[in-house]
Amino acid sequence: MTINYHLKEFENLSDAERASWSTIHGSNPSLASPYFHPEFTGAVASVREDVRVTVIESAGRAIGFFPFQRGRFGKGRPVGGPLSDFHGVIAEAGAEWSVADLLRASRLSVWSFDHLIENQDGFATYRASEHRSPTIDVSEGYDAYIAGRRADGSKQILKTEGLGRKLEREVAPMRVELDSRDPAVFEQVLAWKSEQCRETRLPDIFGVLWTRRLLERLFNTRGPDFAGVLSALYVGDELAAAHIGMRSRTVWHYWFPSYDEKYAKFSTGLLLLLRMAQAAPGMGIRLIDLGKGETMYKQRLMSGASTVWEGSIERSSLWTSGRRARRAVEAWSAASVLGKPLVLPLKAWRRIEQSRKFH
């Protein structure tokens, strides 16, 4: 069977291709994350000019889609760059395609990934490491989730709910808006997150124009299969915690939580997450993705996890040769006493590279 590949800009996809993409997303549970819905790629394409999609075609029919961002020298990265918590090829179950042919058709010399879903077998030989991405499974209901966490010995939910009762006794009653449409809440989340970045000396991704425009676009996207969701927790009339995320029909992606430091001792951020989990089944949500990482709250609240891969695939080119040489220097400087003088310059270079990912 002949497989063809067609490189396109997102806006040039036909109606039939977009319909096929939506059908694949809705029919394959491993692709249920909102990251794999065409609306997410479309949102990124609306705020960036480097988004491309390679359509995988068999017998004149689209059977798969590979969305990516293409930089100079054919350097590829996932759609959304560092904001992408899941990525890969969106293809029909059992579809056959070649990684080498896919990259060649995409005109990429390298494609780096750090949240590639594990069932992308074609990329398996290019993975350098794998990581857990914790989840909260509410497919059997919130009560079943709580019972499961207690059976596993976690006391986090009990402790957090106790803090909530203490907050209401000592300060004011709480109320939650699961799907707030208040622009002031949206702006406050960005302000809190920017402040957090400055305090931790990380790049302020929320001060980057395209990042802000993307979140605004998602905030204003409403649909049964894909939507941006802004949730807020109030103490009395005061905003105490909020979260910007997105959802597909069955998966809610926990993305950018934030809270007022004034209420930090009451764990208002976790209280909001638990209220989200409590309401999720009634919204048709079966799973809340918490994103890659082993922070304490994720370990204590997770009821499962998916696996994501990190690595890269490279085609031979002058740029990739330079990239491999730099990695060799980094490895040598870390292992050799003679390389110690290069440690600080290389760290500075990596910080610059991290910042450049958002541009």
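Because the structure is a prediction, the values reported are computed rather than measured. Note that the numbering runs from 1 along the sequence shown for the chain.
Ala105 approaches Thr54 most closely through the heavy-atom pair CB-CG2, 4.3 Å. Across Ser98 and Tyr5, no two heavy atoms sit closer than the pair N-OH, 2.9 Å. Thr221 and Glu39 make their closest contact through CG2-OE1, 4.3 Å (heavy atoms, listed as atom of the first residue, atom of the second, distance).
Contacts classified as ring-ring contact (aromatic ring centres under 6.0 Å, His included) and involving residues 158-195 (residues at least two apart or in different chains) are given here: Phe186-Phe219.
Two rings, from His87 and Phe113, have their centers 6.0 Å or more apart.
The aromatic rings of Tyr142 and Tyr145 are tilted relative to each other, their planes meeting at an angle between 30° and 60°.
Annotation: side chain of Asp289 is in contact with side chain of Phe86 (closest heavy-atom distance under 4.5 Å).
Salt bridge present: Arg104 and Asp101 bring a charged side-chain N and a carboxylate O closer than 4.0 Å. A salt bridge does not link Asp50 to Arg70: none of the charged side-chain nitrogens sits closer than 4.0 Å to a carboxylate oxygen.
The ring pair (Phe, Tyr, Trp, His ring centres under 6.0 Å) test applied to Phe68 returns Phe66, not counting sequence neighbours. Tyr234 pairs by the ring pair (Phe, Tyr, Trp, His ring centres under 6.0 Å) definition with nothing, not counting sequence neighbours.
No more than 12 heavy atoms of other residues, nucleotides or ligands sit less than 6.0 Å from atom CG of Asp237.
Judged by distance alone, the side chains of Ser303 and Asp137 never bring a donor and an acceptor atom under 3.5 Å apart. Using modelled atom types, one finds a donor on one side chain and an acceptor on the other under 3.5 Å when comparing Ser129 with His131.
Cation-pi geometry between Arg247 and Trp252 is not met: the NZ or CZ atom fails to fall both under 6.0 Å from the ring centre and inside 45° of the normal.
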